[in-house]
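Just so it is clear: chains get the letters A, B, ... in the order the sequence lines come, proteins before strands, and each one is counted from 1.
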Number of protein chains: 2
Amino acid sequence: MHLRLKKNSTAVRMKLTSAAQDATDTEKRGRKASKETRRQQLIEATIDSLAKRGYSETTLADVADGAGLSRGIVNFHFESKEKLLIATLQYMADEYAANWGAALDKAGDEAAAQLWALVACDFDRKICTKRKLAAWCAFWGEAKSRPTYQALCGARDVKYQEIFLALCQKLKDEGGYAYEPEGMTLALCASMEGLWLRLMMGDGLTREKAHAAAVEYLLVAFPRHFTREGPK
Amino acid sequence: MHLRLKKNSTAVRMKLTSAAQDATDTEKRGRKASKETRRQQLIEATIDSLAKRGYSETTLADVADGAGLSRGIVNFHFESKEKLLIATLQYMADEYAANWGAALDKAGDEAAAQLWALVACDFDRKICTKRKLAAWCAFWGEAKSRPTYQALCGARDVKYQEIFLALCQKLKDEGGYAYEPEGMTLALCASMEGLWLRLMMGDGLTREKAHAAAVEYLLVAFPRHFTREGPK
DNA sequence: ACATATTTGCTGAACACTCATTCAAAATAT
DNA sequence: ATATTTTGAATGAGTGTTCAGCAAATATGT
């Protein structure tokens with residue numbers, strides 16, 4: 001089917017001028033993208049619902065309504081509710097990983113600068129929304145009894161924490177600190193996750209305050225490397 | 001649960017046989033306590049179910065089965081599922097508060113000893129079970145969209161953190177540390193919650209390792225007050 | 001160029017199933 | 001005998017899933 005379609009549109013393209021060729025291309029892409037666009041749209045609606053109603057109250061009807069589409073739509077684009085939720089979690093995990101990956105690339109070669117960047121990007125505007133934190137937390141709440149969720153949440157942690165550990169170890173060597181690196185790293189990562197939890201709970205805590213608390217941790221742990229304004 | 005059932009029927013039998021006085025006593029207590037006992041029993045079964053199946057999969061049928069009782073029982077002793085869940089959360093919150101309250105009493109007057117005790121009791125055998133952590137996390141996951149849960153989870157934090165803040169401030173004065181106390185306290189509390197989260201996720205993390213990580217934090221933050229073995 | 005056939009994305013009603021809740025009846029205690 | 005506690009079947013609301021069919025876009029035949 002797909003092959004035939006491609007053959008046909010190639011044939012059409014050849015008949016048309018070069019300007020129209022572009023148009024056909026985008027059209028084709030648009031058509032092909034349509035499916036991806038819908039999925040995206042439904043995933044966003046799912047995050048909305050998770051944030052607004054919580055995991056247990058999120059229904060397919062609510063997701064469909066949120067996307068402005070009809071009831072059966074999810075089972076058309078995703079096979080089941082379960083698959084939709086997994087795709088949503090996957091999407092968030094990918095976004096999260098991409099974010100700190102990019103931050104790490106931009107940070108340069110200094111271990112201190114890299115660590116600072118990693119901590120900072122956890123409290124980035126794009127990632128650290130109430131909406132998304134709420135969605136994360138919804139999945140965390142179910143993760144213990146669902147291996148798939150656990151894997152996706154865990155995969156995030158493993159790589160992230162490996163890098164953290166390596167950085168902490170490097171800083172320890174550079175600064176002659178006395179702590180035990182594994183415990184230190186664990187406590188630091190846990191602290192940031194805990195801050196997320198609190199942000200989501202929505203006491204008066206703001207993103208800035210949470211970030212400041214994490215920085216305070218960095219200051220105390222690596223006094224020779226950081227000031228409140230950044231790495232030395 | 002089965003044991004309790006058996007106990008009841010044993011009590012019944014005792015009434016029929018010899019020791020009438022004893023039997024009447026236990027019976028009276030049994031009757032008056034019976035309602036409380038059933039509630040307790042159902043609450044325990046609820047925690048079991050939350051830990052095993054997660055929030056969204058926890059059904060009244062499952063709770064009743066877990067308690068070895070019949071289907072309609074929850075709506076007799078609690079008015080609704082919602083009320084059962086709230087009572088369960090309340091129960092856990094009370095237990096948690098009682099635990100750190102007792103630990104604080106036992107710790108003496110030194111601020112350092114008190115802080116050490118508070119951190120330690122978060123990783124106590126009684127409190128820090130996988131079962132209970134899972135139940136806590138289930139509630140956290142739903143808390144954002146349920147004011148009642150949020151209030152009960154939050155109430156825990158508020159008092160707890162007030163004390164933490166006071167202790168950190170005191171240690172800062174004593175030790176001449178340079179950090180900003182609010183941020184420090186926030187990061188510390190968040191770290192312990194994050195460690196709970198990870199314990200529950202069940203990577204290879206053990207209670208002891210998590211506790212050690214928290215201690216590592218204490219060491220770094222208050223080097224003049226603590227060694228790995230305890231407060232100086 | 002026009003008509004027809006096919007594909008594709010989507011709809012919404014129907015269906016099957018789960019689950020909280022109710023309640024009449026039974027069991028048990030007083 | 002009365003009150004209390006427990007049972008378990010019945011109820012009904014809610015929800016995920018299915019599917020026949022619609023409409024627009026696209027391909028094919030003339």
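Atom NZ of B:K35 is separated from atom C1' of D:dT6 by 12 Å (rounded to the nearest Å). Separating the CZ atom of A:R39 from the C1' atom of C:dG9 is a distance of 14 Å, rounded to the nearest angstrom. Counting to the nearest Å, the C1' atom of D:dT17 and the CG atom of A:L84 are 14 Å from each other. Between the NZ atom of A:K83 and the C1' atom of D:dT17 there is a distance of 13 Å, given to the nearest Å. For B:L42 and D:dT5, the CG to C1' distance is 13 Å, given to the nearest whole Å.
Here A:Q40 pairs with A:Y91 under the side chain to side chain donor-acceptor pair (under 3.5 Å) rule; sequence neighbours left out.
In summary, B:K126 and B:E95 do not engage in a salt bridge, as defined by a charged side-chain N under 4.0 Å from a carboxylate O.
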Nucleotide by nucleotide, nucleotides 11-26 of chain C touches protein heavy atoms under 4.0 Å in the pattern (B base, S sugar-phosphate only, - none) BB------SSBB----
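Atom CG of B:D124 is separated from atom CZ of B:R207 by 7.5 Å, given to the nearest 0.5 angstrom.
Note on ring orientation: taking the six-membered ring where Trp is involved, the planes of A:W136 and A:Y96 are perpendicular (angle over 60°, cut-offs 30° and 60°).
The main-chain N or O of A:G54 is found under 3.5 Å from a side-chain atom of A:T58 such that the two form a donor-acceptor pair. Using modelled atom types, no side-chain atom of B:R198 and backbone atom of A:A190 make a donor-acceptor pair closer than 3.5 Å.
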